[in-house]
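Letters A, B, ... mirror the listed sequences (proteins, then strands); counts begin at 1. Here the structure is a predicted model, which is why all the values come from computation and not from measurement. Quick note: numbers below take in every heavy atom, side chains included, and nothing from hydrogens, waters or symmetry partners.
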Number of protein chains: 2
Amino acid sequence: MDLRELQTFRAVAEMGSLTRASDRLHIAQPALSRQIRLLEAELRTALFTRDGRGMRLTPAGEVLLERSAGLMRDVDRMRDDLRSFLGAPTGYVHVGLLPTVSAMVSGAVARRVLHELPAVTLRMSESYSGHLVDWLHRGDLDVAVLYGPSEALHMPTQSLGHESLVAVAASGEHLGNLAEMELSRLLAEPLALPSANHGIRRIIDDAAERAKYPVRVLMEADSFRILVNVAVQGLAVTVLPKSAVRREIEAGTLTTARIVSPALDREVIMAWAGNGPPSVAASAVTSILREEVLSAFGFSGAG
Amino acid sequence: MDLRELQTFRAVAEMGSLTRASDRLHIAQPALSRQIRLLEAELRTALFTRDGRGMRLTPAGEVLLERSAGLMRDVDRMRDDLRSFLGAPTGYVHVGLLPTVSAMVSGAVARRVLHELPAVTLRMSESYSGHLVDWLHRGDLDVAVLYGPSEALHMPTQSLGHESLVAVAASGEHLGNLAEMELSRLLAEPLALPSANHGIRRIIDDAAERAKYPVRVLMEADSFRILVNVAVQGLAVTVLPKSAVRREIEAGTLTTARIVSPALDREVIMAWAGNGPPSVAASAVTSILREEVLSAFGFSGAG
DNA sequence: TTCCCTTACGATCGGCGTAAATATT
DNA sequence: AATATTTACGCCGATCGTAAGGGAA
């Protein structure tokens, strides 16, 4: 068993065909056929069934595909760490960001990593909490910025600070010049919110339920950009972290009001995949990411 | 980076010399020199310092040696598991046993594994609790039988049952024909015990301390065979699990008395290394081991 | 018939082993 | 001077790519 054979196996398994894998790997099909044959001989187990229309994994093949994934990651990370040993952090780092966080820090993080960690290949993915947590558990992400609470994540986390949520509406509409707005009053406005189980929505629903207020939304949208656009149009009021709409506030297109009775906020945390210590490169990127999040959210230090 | 290169690296690092590693690997020195050179080139890091008297690891080399160990284990286990997929469990299984347990079950376990799991290469190591726990944590052992309590081991465990300790002496000496003996009376006899921090000794010391009895030992010996021999000579009384001296009891050379006020016992547990699920072969051996321990100790089922 | 995997075979590349050179204590 | 690593070089084996063969839908 060879790392090259394993890589070939994975490509074939993912492509479902020697022909397509040979395109991706830039190796002739017969060579791949031979590698798979040798691998199956060594393991004394059929990894694929050939059905004249491609290659499909046997149960044993499924097992190998699963287990080899972690192995290949470990190898890559070890190689990167050794290369980082003398000189600059080197390697591949995959960061997960929530859309609102991404909007605030992705540009600055990208710029700083490019300048300060030139040997690091950075990948940033933007998605929702549930997905990010899954990816962390699967080891696809090195680090992610999410919203708490951190319990039940079953992985190492660090709190960065608490961020308050504000009601957001087009300037001159709905909110008037109010600096504060009670939750009960907010819930009477026409609302555009994310759908159930998204971070912000859950906070609002929980607070409303505790206070026995009903929540009636005008429309739901699972993208904070859509929500911002809807608010800009003056169609509805939405709820967001204030820093996510800083630009629109400065441009004068949106106004905000702090929500009170109760005050709504959420905890910003960093989370790491639990499998082994982070790579040198991932640690370096994490430092930058932490600094940028703290500064973008106006947090002081550790939360 | 290649698994073969990694294996070569590890051999050189452990031998401290290309020449000696070439003996062990049955490969000419220049070939090894070349492999190391290529590996260092790929990682862009010196792994060894050459000082005319051999090869010594650099700090980067130390890191690679450490991290590659887990990797190679993972590879081997994956290969074994795939080979076990169709047909009989296959591969290498390392079992750790305490001396007393080893005396009772190692023969039966070896026989059954040989017959029932012919494709498994079994290795059994006998040592004391502290060592076994270390080896489990380092991943050197697949499974071990130890004594509880299982707390603070920080690894998966299963309780097999509680085993009572008995006072052991040569027939006709010290114990007379007593079936039971109070702890206070036991402590007045000339005692041969393991030294502090060994499992049985700790139980005795703890019980004595709780009852405010002083513990005075005639001699200490960190081997249960020595203790048995000392007891057979009629020189002292010792404390052991009854099943460990079953043979001598049947031969009539030793007699035992159950210890009461308080009754002393210890929990027999199995423990696994926490890193990843056990291999197919390890699971199969574990089943046999569990059955043999339960039967040797006269336990009924799960403890 | 079409698509895809397998077999066959010549060519190339990489790695091993022997032998000589070099460096360090 | 002795010991151990590195360099040089010829040889063999492994793997690749091209081309032809074989099954299944």
Minimum-distance nucleotide to B:R37 side chain [options: C:dG17, D:dT5, D:dT7]: D:dT7

Nearest-neighbour nucleotide for the A:P30 side chain, D:dT18, C:dG15, D:dT5 considered: D:dT18

Separation of atom NE2 in B:H26 from atom P in C:dG15, rounded to whole Å: 21 Å

Closest-nucleotide ordering on DNA chain D, the 5'-leading residue of B:E40 and A:R34: B:E40

Closest to side chain of A:R4, choosing from C:dC5, C:dG15, D:dC16: D:dC16

Shortest side-chain distance from B:S33, nucleotide among D:dT6, C:dG15, D:dC16: D:dT6

Distance-only polar pair, side chains of A:S68 and A:R10, donor-acceptor under 3.5 Å: yes

For atom CZ of A:R20 and atom P of C:dC4, their distance in whole Å: 7 Å

Under 4.0 angstrom between B:R50 side-chain N/O and D:dT6 OP1 or OP2: yes

Sugar-phosphate only, base, or nothing, as touched by B:Q29 at under 4.0 Å among non-hydrogen atoms: nothing

Atom-to-atom span, CG of B:D2 to P of C:dG14 - whole angstrom: 14 Å

Between P of C:dA23 and CZ of B:F48, the distance in whole Å: 22 Å

Identified side-chain contact (heavy atoms from CB on, under 4.5 Å) counterpart of B:V12 within the set B:M55, B:Q7, B:R20: B:M55

Distance in angstrom units between A:R56 CZ and D:dA25 P, rounded: 11 Å

Non-hydrogen side-chain atoms of B:F85 and A:T58 separated by less than 4.5 Å: no

Value in whole Å for how far the C1' atom of C:dC5 lies from CG of A:L39: 17 Å

Closest to the A:I27 side chain, choosing from D:dG17, C:dC16, C:dC5: D:dG17

Nearest-nucleotide pick for B:L18, side chain only, options being D:dT5, C:dC5, C:dG15: D:dT5

C:dT25 OP1/OP2 closer than 4.0 Å to side-chain N/O of B:R53: no

Side chain of A:T19 (C-beta onward), nearest among C:dC4, C:dT6, D:dT5: C:dC4

Whole-Å gap separating P (C:dG15) and CD1 (B:I36): 14 Å

Atom of B:V120, atom of B:P89 and distance for their closest heavy-atom approach: CG2-O, 3.5 Å

Sugar-phosphate only, base, or nothing, as touched by A:A28 at under 4.0 Å among non-hydrogen atoms: base

Whole-Å gap separating P (D:dT7) and CG (B:L38): 11 Å

Closest non-hydrogen atom pair between B:M124 and B:S106, with its separation: CE-O, 3.5 Å

